[in-house]
Amino acid sequence: MNKIKHIIFDFGGVLIDWNPVYLYNKLFEDETDMSFFLNNICTPQWNIQQDAGRPLATATEILQKEHPEHSEMIGHYYGRWDEMLGGVIEDSERVLRKLKPNYSIYGLTNWSAETITVAYGKYDFFQLLDGIVVSGDEKLIKPDPKLYQVLLDRYNLKANESLFIDDNIHNIETALDMGFHTIHFTENMDLEKEVKYKLGI
């Protein structure tokens, strides 16, 4: 087995607590109405297209034309996007900081190129990373193996020397197929324990 030299973190759901509910529970009086809106109007499937590179203004305009009765609420999605950031996931950040002296640390994320800069300005752990690949910049999204390959090629990494941490099982499956070591991050996981096991320390 090749020795792990590099740790690769997903951001949303692993290092950063991001959730549209943090914004929309301020805007909707009724939770059922909010759930309908986020499940049927501003859906995860719509949002992921911005992670793949579609401009926010274009995405907003398209949806507002499709659902004019929800135009104002749709406008808030990216107009007040920063209010969806709930904070850093402290246990994960602590693990990252402990690993940094002995491993190179990278980010591989599905994220809009336009909103990632907001996160960069909000969390100082980004300064510890040796490199980041953002789906919105590359016009590719996980679990497309081409995005993982961008990371490997750009930073001259080998998959079998890299540990990839993500909360999406489909992203983990692609990483496994490509030869990465992986951790499927789940709520209440003891990440430090899992990382130590994978690293053999």
Side-chain angles (χ1 to χ4, degrees), residues 6-27 38 42-60 63 73-100 103-144 147-148 150-151 154-155 157 162-168 170-172 175 183-187 189 191-192 195:
H6 320 292
I7 316 294
I8 303 163
F9 285 88
D10 174 41
F11 294 156
V14 175
L15 280 165
I16 298 170
D17 178 16
W18 174 87
N19 196 325
V21 168
Y22 296 146
L23 167 63
Y24 282 102
N25 66 11
K26 304 174 189 176
L27 303 177
L38 293 176
C42 287
T43 65
Q45 294 77 18
W46 170 76
N47 177 66
I48 198 73
Q49 294 182 64
Q50 286 68 270
D51 290 353
R54 184 168 65 175
L56 306 187
T58 301
T60 300
L63 210 57
M73 287 294 187
I74 293 166
H76 290 319
Y77 196 95
Y78 292 115
R80 296 174 60 174
W81 181 89
D82 61 312
E83 295 176 57
M84 300 180 188
L85 292 170
V88 71
I89 297 175
E90 293 180 0
D91 287 348
S92 297
E93 182 188 24
R94 187 183 70 252
V95 170
L96 186 157
R97 292 181 182 278
K98 283 186 175 182
L99 291 168
K100 177 59 184 174
Y103 300 88
S104 57
I105 310 290
Y106 298 89
L108 179 63
T109 186
N110 282 352
W111 208 294
S112 161
E114 295 175 73
T115 58
I116 191 67
T117 55
V118 178
Y120 288 159
K122 194 173 178 70
Y123 307 113
D124 60 5
F125 71 76
F126 284 111
Q127 299 166 17
L128 301 176
L129 303 189
D130 295 283
I132 300 170
V133 168
V134 177
S135 63
D137 290 328
E138 309 302 330
K139 309 295 192 294
L140 296 165
I141 54 173
K142 294 178 290 184
D144 187 336
L147 187 65
Y148 301 68
V150 169
L151 179 78
R154 183 167 297 163
Y155 299 108
L157 310 180
S162 304
L163 173 61
F164 175 63
I165 305 168
D166 198 298
D167 63 324
N168 184 311
H170 302 295
N171 299 342
I172 290 292
I183 293 175
H184 179 211
F185 185 84
T186 56
E187 192 174 1
M189 169 182 281
L191 182 60
E192 184 171 3
V195 168

If every non-hydrogen atom of Trp111 is compared with every non-hydrogen atom of Ala119, which pair is closest and at what distance? CZ2-CB, 4.0 Å
Would you check if Ile8 and Ile165 make a side-chain contact, meaning some heavy-atom pair closer than 4.5 Å? no
Between His76 and Tyr24, is the side chain to side chain contact (heavy atoms under 4.5 Å, CB included) condition met? List the steps. CA-CA 9 Å; His76 290 319; Tyr24 282 102; 4.1 Å; yes
Please work out which of the three classes, parallel, tilted or perpendicular, describes the rings of Tyr123 and Phe125, given edges at 30° and 60°. parallel
What distance do Arg97 atom CZ and Ser92 atom OG have between them, rounded to the nearest 0.5 Å? 12.5 Å
Tell me, with the steps shown, if Ile16 and Ile89 meet side chain to side chain contact (heavy atoms under 4.5 Å, CB included). CA-CA 5 Å; Ile16 298 170; Ile89 297 175; 5.9 Å; no
Test Leu108 against every option in Val134, Val133, Ile132 by the side chain to side chain contact (heavy atoms under 4.5 Å, CB included) rule and name the one that passes. Val133
Between Phe126, Tyr120, Trp18, which is the residue that forms a ring-ring contact (aromatic ring centres under 6.0 Å, His included) with Phe11? Phe126
Check: Ile105 main-chain N/O paired with Asp130 side-chain donor or acceptor under 3.5 Å: yes
Distance only, no hydrogens: is a donor on one side chain within 3.5 Å (strictly under) of an acceptor on the other, for Asn47 and Tyr78? yes
Would you confirm whether Thr43, through its side chain, and Trp46, through its main-chain N or O, come within 3.5 Å as a donor-acceptor pair? yes
d(His184 NE2, Phe164 CZ) to nearest 0.5 Å is 10.0 Å
Measuring from Ser104:OG to Leu157:CG, what's the distance to the nearest 0.5 Å? 6.5 Å
Looking only at non-hydrogen atoms, find the nearest pair between Ala59 and Arg54 and report the distance. CB-NE, 3.6 Å
Is the closest side-chain heavy-atom distance between Ser112 and Trp81 below 4.5 Å? no
Checking the side chain of Tyr103 only, and the main-chain atoms of Leu96 only, is there a donor and an acceptor separated by less than 3.5 Å? no
Rounded to the nearest 0.5 Å, how far does CD1 of Ile74 lie from OH of Tyr77? 11.5 Å
Please check this pair: side chain of Glu83 against backbone of Tyr22, looking for a donor-acceptor N/O pair closer than 3.5 Å. no
From CA spacing to verdict: side chain to side chain contact (heavy atoms under 4.5 Å, CB included), Met189, Ile183: CA-CA 10 Å; Met189 169 182 281; Ile183 293 175; 3.8 Å; yes
With side chains defined as the heavy atoms from C-beta onward, is the minimum distance between Met84 and Asn19 less than 4.5 Å? no
State, to 0.1 Å, how close Gly136 and Lys139 come at their nearest heavy-atom pair, and which atoms those are. O-NZ, 3.6 Å
Rounded to the nearest 0.5 Å, what separates atom OG1 in Thr58 from atom CD in Gln50? 9.0 Å
What are the two closest non-hydrogen atoms of Ser135 and Ile141, and how far apart are they? CB-CG2, 3.8 Å
Lys/Arg N to Asp/Glu carboxylate O, Glu93 vs Lys98, below 4.0 Å: no
Determine whether Val88 and Asp17 satisfy the following criterion, side chain to side chain contact (heavy atoms under 4.5 Å, CB included), listing intermediate values before the conclusion. CA-CA 6 Å; Val88 71; Asp17 178 16; over 6 Å; no
Under the criterion side-chain hydrogen bond (donor to acceptor under 3.5 Å, both in side chains), which of Thr109, Asp51, Asn168, Asp10 is the partner of Lys142? Asp10
Taking the six-membered ring for Trp, are Phe9 and Tyr106 ring centroids under 6.0 Å apart? no
Atom pair CE/CG of Met73 and Leu38 - distance to nearest 0.5 Å: 10.0 Å
Would you name the heavy atoms of Leu129 and Gly107 that are closest together and state the gap between them? CD1-N, 4.3 Å
